[in-house]
Asker: 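Shown below is the structure under consideration.
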There are 2 protein chains.
Amino acid sequence: MNALFKALNDPTRRAMLELLREQPRTAGEIAEHFAFSKPTISHHLDLLRQADLVTSDKQGQFITYTLNMTVLDEVLGWLLQFKS
Amino acid sequence: MNALFKALNDPTRRAMLELLREQPRTAGEIAEHFAFSKPTISHHLDLLRQADLVTSDKQGQFITYTLNMTVLDEVLGWLLQFKS
DNA sequence: AAAGTAATTAGATATTTGCCTAACTACAGA
DNA sequence: TCTGTAGTTAGGCAAATATCTAATTACTTT
């Protein structure tokens, strides 16, 4: 829960999730959409992975990141308790 | 959106919201539930108010905090886009 | 008017965060 | 095997965050 909210508490990381909503992408493809250095992007992706919001899959030289939506249920559930 | 996720990114503040889910409470009543100093509690409440997650109402010497659930729709909406 | 209570504001400090450059690892192709 | 490419890891720095104590504001009560 902590790692989840932490990961979501950054506009760049939220934009990354939106990007991955369309389709899985490699770290490099993701990086192209932002003005930050590759290490910074890598760090953001690491936080998303720590929160289990994305999974990573290495294929040869490329690492593909895929959105993991199931973990969002935890946040949704927590938020929905307030809507009743 | 930023202020919202920022406010939610802290276990103490999330616990405060859960407390207020039951009923409105004064700053002092809220403080009783935590081991932090009053200024620290006050600061957390301020962040919740900045995110519009709570409203405050001064009655004499007391300030009562009330949960504002409507603003959660924004977060819920953002999260739900990933569930489709 | 003085003292007490509720809460905030101010100021200081330690930790965490987000960013960078430089260095490194791993794979691919000539 | 050498060179290039994809990506991460390491190390450093500035800004933001969470906490505290001390001081202040506003109200209540005697």
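Residue numbering restarts at 1 for every chain, and letters A, B, ... go by the order of the sequence lines. It should be emphasised that the depicted structure is a prediction, and the values quoted were computed from it without experimental measurement. Worth knowing before you read on, the calculation uses all heavy atoms, side chains too, and leaves out hydrogens, waters and symmetry mates.
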Asker: So, OP1 or OP2 of dT8(C): does either fall under 4.0 Å of a side-chain N or O from Tyr65(B)?
Answerer: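 Result: yes.
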
Asker: Shoot me the first and last contacting nucleotide of DNA chain D against chain A, ordered 5' to 3', at under 4.0 angstrom to non-hydrogen atoms.
Answerer: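 Contacts span dG4(D) to dT9(D), reading 5' to 3'.
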
Asker: Show me the protein contacts with nucleotides 25-30 of chain C, counting only N or O atoms at under 3.5 Å.
Answerer:
| residue | atom | partner | partner atom | Å |
| --- | --- | --- | --- | --- |
| dC27(C) | O2 | Gln61(A) | NE2 | 3.4 |

Asker: I want to confirm an ordering. Mapping Arg13(A) and Arg49(B) to their closest nucleotides on DNA chain C, which one lands closer to the 5' end?
Answerer: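 Counting from the 5' end, the first nearest nucleotide belongs to Arg49(B).
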
Asker: Please figure out whether Ile63(A) or Asn9(A) has its closest DNA chain D nucleotide nearer the 5' end.
Answerer: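 Its nucleotide being nearer the 5' end, the pick is Ile63(A).
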
Asker: Drop me the distance from Asn9(B)'s CG to Asn2(A)'s CG, to the nearest 0.5 angstrom.
Answerer: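 Reported to 0.5 Å precision, the distance equals 7.0 Å.
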
Asker: Does the Arg13(B) side chain pair with the main chain of Leu8(B), one donor and one acceptor, at a distance under 3.5 Å?
Answerer: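 No; zero donor-acceptor contacts below 3.5 Å.
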
Asker: Quick check for you: to the nearest 0.5 Å, what is the distance between Ile30(A) atom CD1 and Lys38(A) atom NZ?
Answerer: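 One finds 11.0 Å between CD1 of Ile30(A) and NZ of Lys38(A).
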
Asker: Would you mind reporting whether Thr66(B) and Asp57(B) have side-chain heavy atoms less than 4.5 Å apart?
Answerer: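 A side-chain contact is absent here, since even the closest heavy-atom pair is not under 4.5 Å.
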
Asker: For Pro24(B) and Thr64(B), which heavy atoms make the closest approach, and how far apart are they?
Answerer: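 Closest approach of Pro24(B) to Thr64(B), heavy atoms only: CB-CG2, 3.7 Å.
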
Asker: Spell out, as yes or no, whether a donor-acceptor pair under 3.5 Å connects the side chain of Arg49(A) to the backbone of Val54(A).
Answerer: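 Side chain of Arg49(A) to backbone of Val54(A), a donor-acceptor pair under 3.5 Å: no, none is there.
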
Asker: How close or far is atom C1' of dT21(C) from atom CZ of Phe36(A), stated in whole angstroms?
Answerer: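 From Phe36(A) CZ to dT21(C) C1': 16 Å.
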
Asker: If you define the side chain from C-beta out and look only at heavy atoms, does anything of Asp46(B) sit under 4.5 Å from Gln50(B)?
Answerer: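 When only atoms from C-beta onward are counted, Gln50(B) and Asp46(B) do touch, with a gap below 4.5 Å.
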
Asker: Applying the 4.5 Å side-chain criterion to the ILVMFWY set and letting contacts propagate, would Trp78(B) and Leu47(A) be lumped into a single cluster?
Answerer: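 No; tracing contacts between hydrophobic side chains, which count when under 4.5 Å, never links both residues.
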
Asker: Between dG18(C) atom C1' and Leu48(A) atom CG, what is the distance in whole Å?
Answerer: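 After rounding, the gap between these two atoms is 14 Å.
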
Asker: Quick check on contacts: within residues 14-32 of chain A, what sits under 4.0 Å from DNA chain C by heavy-atom distance?
Answerer: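 None, since no heavy atom is under 4.0 Å.
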
Asker: Transitively linked via ILVMFWY side-chain contacts under 4.5 Å: Leu20(A) with Phe62(A)?
Answerer: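 Unlinked, Leu20(A) and Phe62(A) end up in two clusters.
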
Asker: Report the residues that fulfil ring-ring contact (aromatic ring centres under 6.0 Å, His included) with Tyr65(A), sequence neighbours left out, ordered by chain and then residue number.
Answerer: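 For Tyr65(A) there are no ring-ring contact (aromatic ring centres under 6.0 Å, His included) partners, ignoring immediate neighbours.
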
Asker: Whole angstrom is fine here: how far is it from CG in Asp10(B) over to C1' in dT16(C)?
Answerer: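 After rounding, the reported distance stands at 12 Å.
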
Asker: Go through it in stages, so that I can follow the logic: the residues are Leu76(B) and Lys83(A), the test is side-chain contact (heavy atoms from CB on, under 4.5 Å), and I'd like the CA-CA distance, side-chain angles, deciding distance and then a yes or no.
Answerer: CA-CA 10 Å; Leu76(B) 278 168; Lys83(A) 301 299 289 182; 3.8 Å; yes

Asker: For DNA chain C, whose closest nucleotide is more 5', that of Thr64(B) or that of Lys38(A)?
Answerer: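 It is Thr64(B), whose closest nucleotide lies nearer the 5' terminus.
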
Asker: Go through the structure and list residues passing side chain to side chain contact (heavy atoms under 4.5 Å, CB included) with Gln23(B), not counting sequence neighbours.
Answerer: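 Expected list: Arg25(B).
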
Asker: Which residues within residues 39-47 of chain A lie with some heavy atom under 4.0 Å of an atom in DNA chain C?
Answerer: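 Result for residues 39-47 of chain A: Pro39(A), Thr40(A), His44(A), Leu47(A), sorted by number.
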
Asker: Without swapping roles, check the side chain of Asn68(A) against the backbone of Asp52(A) for a donor-acceptor pair under 3.5 Å.
Answerer: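 Checked: pair present.
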
Asker: Using a heavy-atom cut-off of 4.0 Å across all strands, would you classify Phe34(A) as base, sugar-phosphate, or nothing?
Answerer: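 Answer is nothing: Phe34(A) stays at 4.0 Å or more from every strand.
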
